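Comments concern the structure below.
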2 protein chains.
Amino acid sequence: MAASIKEVAQRAGVSLGTVSNVLNRPDIVSPQTRKRVLEAIEELGFVRNDSARQLRAGRSRTVAIVVLDVSNPFFTDVVRGAEAVVEGAGGMVVVCNSGGGASREHRHLDVLEEQRVQGLLVTPVSDGRQPRLDRMVKRGIPVVLVDRGAGLANQCSVAVDDVLGGRLAAEHLAERGHRRIAFVGGPAGLRQVADRLAGAEAALAERDLPAPHVVETPVLSVSTGRTAADEIVTLPASRRPTAIFCANDLVALGALQALTAHGLKVPDDIALVGYDDIEFAAGAAVPLSSIRQPREQLGRTAAQLLLEESTDPEHHEHRHVVFQPELAVRQSSEHKRRRTR
Amino acid sequence: MAASIKEVAQRAGVSLGTVSNVLNRPDIVSPQTRKRVLEAIEELGFVRNDSARQLRAGRSRTVAIVVLDVSNPFFTDVVRGAEAVVEGAGGMVVVCNSGGGASREHRHLDVLEEQRVQGLLVTPVSDGRQPRLDRMVKRGIPVVLVDRGAGLANQCSVAVDDVLGGRLAAEHLAERGHRRIAFVGGPAGLRQVADRLAGAEAALAERDLPAPHVVETPVLSVSTGRTAADEIVTLPASRRPTAIFCANDLVALGALQALTAHGLKVPDDIALVGYDDIEFAAGAAVPLSSIRQPREQLGRTAAQLLLEESTDPEHHEHRHVVFQPELAVRQSSEHKRRRTR
DNA sequence: CCTCGTACATGAAACGTTTCATGCGATGGA
DNA sequence: TCCATCGCATGAAACGTTTCATGTACGAGG
């Protein structure tokens with residue numbers, strides 16, 4: 001059914017190797033032969049079999065990116081950044097979605113390893129040593145951690161300083177006079193979540209403010225944000241936080257919806273700060289204050305490191321790039337009046 | 001570097017074929033041999049080479065989905081629906097992003113064809129005959145069109161009735177008393193865009209209302225929505241539309257931002273209806289009326305059709321599934337008072 | 001004791017490329 | 001005229017699987 005090089009060769013009346021040469025080094029074959037071969041290719045609708053090619057070459061030309069959540073705009077922006085670089089270099093990106101599940105991540109990595117991908121950009125579900133990833137690295141498959149500062153010696157990483165981000169958010173709220181602050185996010189095992197919380201805690205502690213009230217969510221999504229806010233709303237007004245710092249914008253948007261549904265005004269009754277500054281944050285019912293991350297930049301840089309390692313593994317030195325987040329203040333945390341003093 | 005079956009065989013002291021049997025039909029090999037082989041695999045960190053396997057098998061087990069825009073939540077939801085089905089069947093999904101560009105789509109299809117993917121879900125950039133896709137179908141690669149009603153005889157399709165969707169939106173606005181209605185979206189060549197416009201035009205014509213003022217955008221995104229709205233705002237108040245129907249929610253959210261920035265109130269000065277009802281529509285600054293599509297369902301159904309065709313090409317009959325959209329009315333099109341009468 | 005069947009292991013062939021050493025005819029210089 | 005060179009085409013080997021026909025040993029049934 002699918003024509004092979006052999007049939008093309010037969011049809012063009014040349015040898016098998018010649019066809020391959022036309023495909024890979026057209027310059028070394030004479031113009032007339034080349035023409036005959038190209039015609040044969042055309043007539044037969046020949047399409048190179050990449051499996052065979054890879055089998056011979058030992059490696060493919062596709063770069064995989066495994067994200068925690070395809071439906072989070074943060075990750076799709078990272079993907080687009082990576083795509084820009086990889087495609088600019090003539091490669092191809094495939095996106096895999098772990099959905100935050102360890103087993104799905106596992107399966108994806110299995111398959112990608114079997115496919116001998118050229119390299120891997122990954123935001124792993126769990127932190128700590130990754131025997132899987134280590135093995136891929138040992139096998140010579142470059143791995144770049146995205147949005148993880150892990151700083152392991154055997155791979156590059158690209159991340160944004162989440163501790164600082166958490167700090168920025170908490171400082172901002174503290175300056176606005178908030179004393180009872182809640183943190184919504186989870187699972188707690190997620191590095192991003194833990195770091196953001198840690199930064200917030202540190203900032204509050206330095207100011208002798210009480211530690212944040214933590215509401216853990218099973219995942220970071222709009223619906224878990226809603227649920228968490230529902231819970232917060234049930235607290236007696238005297239203990240209810242006056243501000244919520246959410247681990248990402250999806251959660252914050254969900255919280256915003258739930259708070260509004262319960263008749264609470266943002267920011268007057270409760271202030272809200274999100275994280276990621278996704279495109280939809282600024283357009284929310286109450287424009288959302290958020291911690292901005294250089295999303296596409298993250299993807300671009302990760303891809304560059306990957307390609308660098310891939311093309312010249314000898315001289316490559318693993319690097320750990322850390323970007324700085326920025327606070328974007330919008331209405332959701334803008335008080336009409338200061339609360340203190 | 002990468003251990004092969006041969007080395008495993010050597011280490012376990014068995015033949016090459018036996019190792020393969022352990023991998024593929026463990027039941028036909030004696031328990032003790034199996035154990036020895038598995039140990040060898042473990043010790044060597046052997047990972048099957050999928051290229052070789054595919055080369056032999058002639059086909060891979062991955063399904064590809066090529067979407068118009070990864071950063072549009074509509075498509076990520078479709079992707080998740082497809083993932084659920086394919087992974088449930090033991091397969092794997094890779095996502096490719098054409099970004100609406102014909103050349104990127106072309107490149108992706110090239111590579112996917114070379115990789116002999118098991119099947120392809122695709123929302124093509126352009127309509128009409130697709131020699132590329134036809135060729136893949138001829139080659140025996142099942143192709144399912146997503147969000148296209150194309151109705152071609154040689155492939156399945158899954159779509160939502162966009163003409164009806166456009167109609168619903170226009171009827172809704174007409175009932176609210178609007179007479180000057182704008183349509184924002186593009187490129188005009190995009191089937192979805194054209195259909196939605198056509199539906200709206202038909203509905204207005206039936207009511208003897210003037211045809212919509214069309215503002216074409218180069219792509220469907222938040223920023224083009226902003227630009228389009230900026231343009232509409234410059235119209236003299238007497239000719240300015242009182243309602244805008246946007247070809248999707250991204251555009252609508254952009255438009256909403258721009259209108260608000262210009263001091264226009266939605267819906268009082270200008271009503272707004274979007275399309276897709278993405279998760280962020282309900283949480284927008286002014287909750288957005290929109291046309292809801294069964295997004296995940298779309299992906300699930302497409303994947304089911306694909307797998308069906310893939311597993312039993314003989315008895316497969318191409319089908320064209322069309323879902324019905326629904327109108328979700330929210331504040332962005334809710335007038336305090338009727339305009340007519 | 002022979003035969004047959006069963007339970008397993010074996011080795012070679014095939015999948016479609018790429019690469020590389022080799023072959024061969026023509027051209028140019030000595 | 002002969003040799004070196006060059007330009008181009010060739011065919012075989014190799015990549016790592018899977019499959020299948022074949023082989024072998026062993027226990028059971030006659």
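Just so it is clear, the model here is predicted, and its values are computed rather than measured.
Ranked by how close their nearest DNA chain C nucleotide is to the 5' end, A/Phe46 and B/Val14 are led by B/Val14. With the nearest nucleotide of DNA chain D identified for both B/Leu23 and A/Thr18, A/Thr18 has the one nearer the 5' end.
In this model, the phosphate group of D/dA9 is not approached by any side-chain N or O of A/Ser15 to a distance below 4.0 Å at OP1 or OP2. A sub-4.0 Å separation between OP1 or OP2 of D/dT18 and a side-chain N or O of B/Arg48 is present. A sub-4.0 Å separation between OP1 or OP2 of C/dG16 and a side-chain N or O of A/Ser51 is absent.
Checked against A/Ser51 for a side-chain hydrogen bond (donor to acceptor under 3.5 Å, both in side chains), the options B/Glu114, B/Gln115, B/Arg56, B/Gln54 give a single hit: B/Gln54.
A straight line from CD1 of B/Ile5 to P of C/dT10 spans 13 Å, rounded to a whole angstrom. When the P atom of D/dT18 is taken as reference, atom CD1 of B/Ile28 falls 12 Å away, rounded to whole Å. One interatomic measurement links the two molecules: CG of A/Asn49 to P of C/dA14, which rounds to 18 Å at whole-angstrom precision. Computed from coordinates, the B/Lys6 NZ to D/dA14 P distance equals 9 Å when rounded to whole Å. Counting to the nearest Å, the C1' atom of C/dT17 and the CZ atom of B/Arg53 are 20 Å from each other. With rounding to whole Å, B/Gln115 atom CD is found 15 Å from C/dT17 atom C1'. Distance A/Asp50 CG to C/dC15 P: 19 Å, rounded to the nearest Å. The distance between atom CD of A/Gln54 and atom C1' of C/dT18, rounded to the nearest whole Å, is 13 Å.
Across A/Ala302 and A/Leu121, no two heavy atoms sit closer than the pair O-CD2, 3.7 Å.
Backbone-only contact: B/Ser4 has heavy atoms under 4.0 Å from sugar-phosphate atoms and none from a base. Nucleic acid contact class of A/Ser30 (heavy atoms, under 4.0 Å, all strands): sugar-phosphate only.
Using modelled atom types and a 3.5 Å distance limit, the side chains of A/Ser71 and B/Arg80 yield a donor-acceptor pair. Checked by atom type, the side-chain pair A/Asn24/A/Ser20 shows a donor-acceptor distance below 3.5 Å. One side chain, A/Glu83 or B/Asn97, offers a donor N or O that lies under 3.5 Å from an acceptor on the other. For the residue pair A/Gln192 and A/Arg148, a side-chain donor N or O sits within less than 3.5 Å of a side-chain acceptor on the partner. Judged by distance alone, the side chains of B/Gln118 and B/Ser60 never bring a donor and an acceptor atom under 3.5 Å apart.
Axis orientation changes by 60° from one end of the helix from C/dC1-D/dG30 to C/dA30-D/dT1 to the other, with each end axis drawn from 5 pairs and the value rounded to 10°.
One distance of note links CZ of B/Arg319 with OG1 of B/Thr301; it measures 9.5 Å at 0.5 Å rounding. Atom CG of A/Leu133 is separated from atom CG of A/Asn154 by 9.0 Å, given to the nearest 0.5 angstrom.
Residues A/Asp110 and A/Arg107 are not paired through a salt bridge, judged by the lack of any N-O separation under 4.0 Å between the basic side chain and the carboxylate. Between A/Asp147 and A/Arg191 no salt bridge is recorded (no basic side-chain N to carboxylate O distance below 4.0 Å). Note on B/Arg11 versus B/Glu7: no salt bridge recorded, every NZ/NE/NH1/NH2 to OD/OE distance being 4.0 Å or above.
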Kindly give the atom pairs (protein nitrogen or oxygen, nucleotide nitrogen or oxygen) under 3.5 Å for nucleotides 19-24 of chain C.
unit_1: C/dT19; atom_1: O4'; unit_2: A/Arg56; atom_2: NH1; d: 3.0

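Residues of residues 32-44 of chain B that place a heavy atom closer than 4.0 Å to DNA chain D do not occur.
Among D/dA9, C/dA9, D/dT18, the nucleotide with an atom closest to any side-chain atom of A/Val29 is D/dA9.
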